[in-house]
Amino acid sequence: QVQPVESGGGLVETGGSLRLSCKASGSVFGINAMGWNRQAPGKQRELIATITNGGMTNYADSVKGRFTISRDNAKNTVYLQMNGLKPEDTGVYYCEVQYSLGRAWGQGTLVTVSS
């Protein structure tokens, strides 16, 4: 089992920045990729960014050019640098870990962008 724990959410004004962190613990030797999901109020959860063990990244169109995912493999930690935040970025951000036995998600961290 893998247990991800997120941190770094909060309230920010439009155009501001936040950095989210997620540290994975447990059976981390089987991790293949890490990423971030977002669930906006009244909407389904969507995958917005992923990064593989080798550092290959992928982004949803809605965050491309504004968000950057990075990873410290030695610390089993993934980061999401969010710049140019918009009110529509408001939501709960969940860390996702893809590993040998399946997927695991953290409890989520709330990001609120005020207009």
Steps toward side-chain contact (heavy atoms from CB on, under 4.5 Å) verdict (S17, Q81): CA-CA 7 Å; S17 299; Q81 178 66 44; 4.0 Å; yes
Heavy-atom side-chain contact between T50 and W36 under 4.5 Å: no
Residue pairs fulfilling side chain to side chain donor-acceptor pair (under 3.5 Å) with at least one residue in residues 105-115, sequence neighbours excluded: E96-W105
V2 and L101, any side-chain heavy atoms less than 4.5 Å apart: no
Close side-chain approach of D72 to Y79, heavy-atom, < 4.5 Å: yes
Distance in Å, T52 OG1 paired with I31 CD1, rounded so as to fall on 0.5 Å steps: 12.5 Å
Between CG on residue L85 and OG1 on residue T14, distance to nearest 0.5 Å: 8.5 Å
Pairwise distance CD1(I69) to CD1(I48) - rounded to 0.5 angstrom: 8.0 Å
Nearest non-hydrogen partners of P4 and A104, listed with the distance: CG-O, 3.9 Å
4.5 Å side-chain heavy-atom contact, M82 and V111: yes
Expected output: side-chain Y93 to main-chain G8 donor-acceptor under 3.5 Å: no
Side-chain donor or acceptor of S62 paired with backbone N/O of A60 under 3.5 Å: no
Step-by-step side-chain contact (heavy atoms from CB on, under 4.5 Å) determination, T68 to Y59: CA-CA 9 Å; T68 302; Y59 298 93; 3.9 Å; yes
Check against side chain to side chain donor-acceptor pair (under 3.5 Å), N37 and Q39: CA-CA 7 Å; N37 293 258; Q39 186 163 20; over 6 Å; no
Contact check, side chains of R71 and M34, non-hydrogen atoms, under 4.5 Å: yes
Approximate separation, where rounding is to 0.5 Å, of Q3 CD and K23 NZ: 12.0 Å
Passing candidate, side chain to side chain contact (heavy atoms under 4.5 Å, CB included) with L18, options D89, V12, L80: V12
Cation-aromatic face contact R38/Y94, 6.0 Å, 45 degrees: no
Within-4.5 Å side-chain heavy-atom neighbours: C95 and V97: yes
Neighbour count >12 (heavy atoms, 6.0 Å) for atom NZ, K64: yes
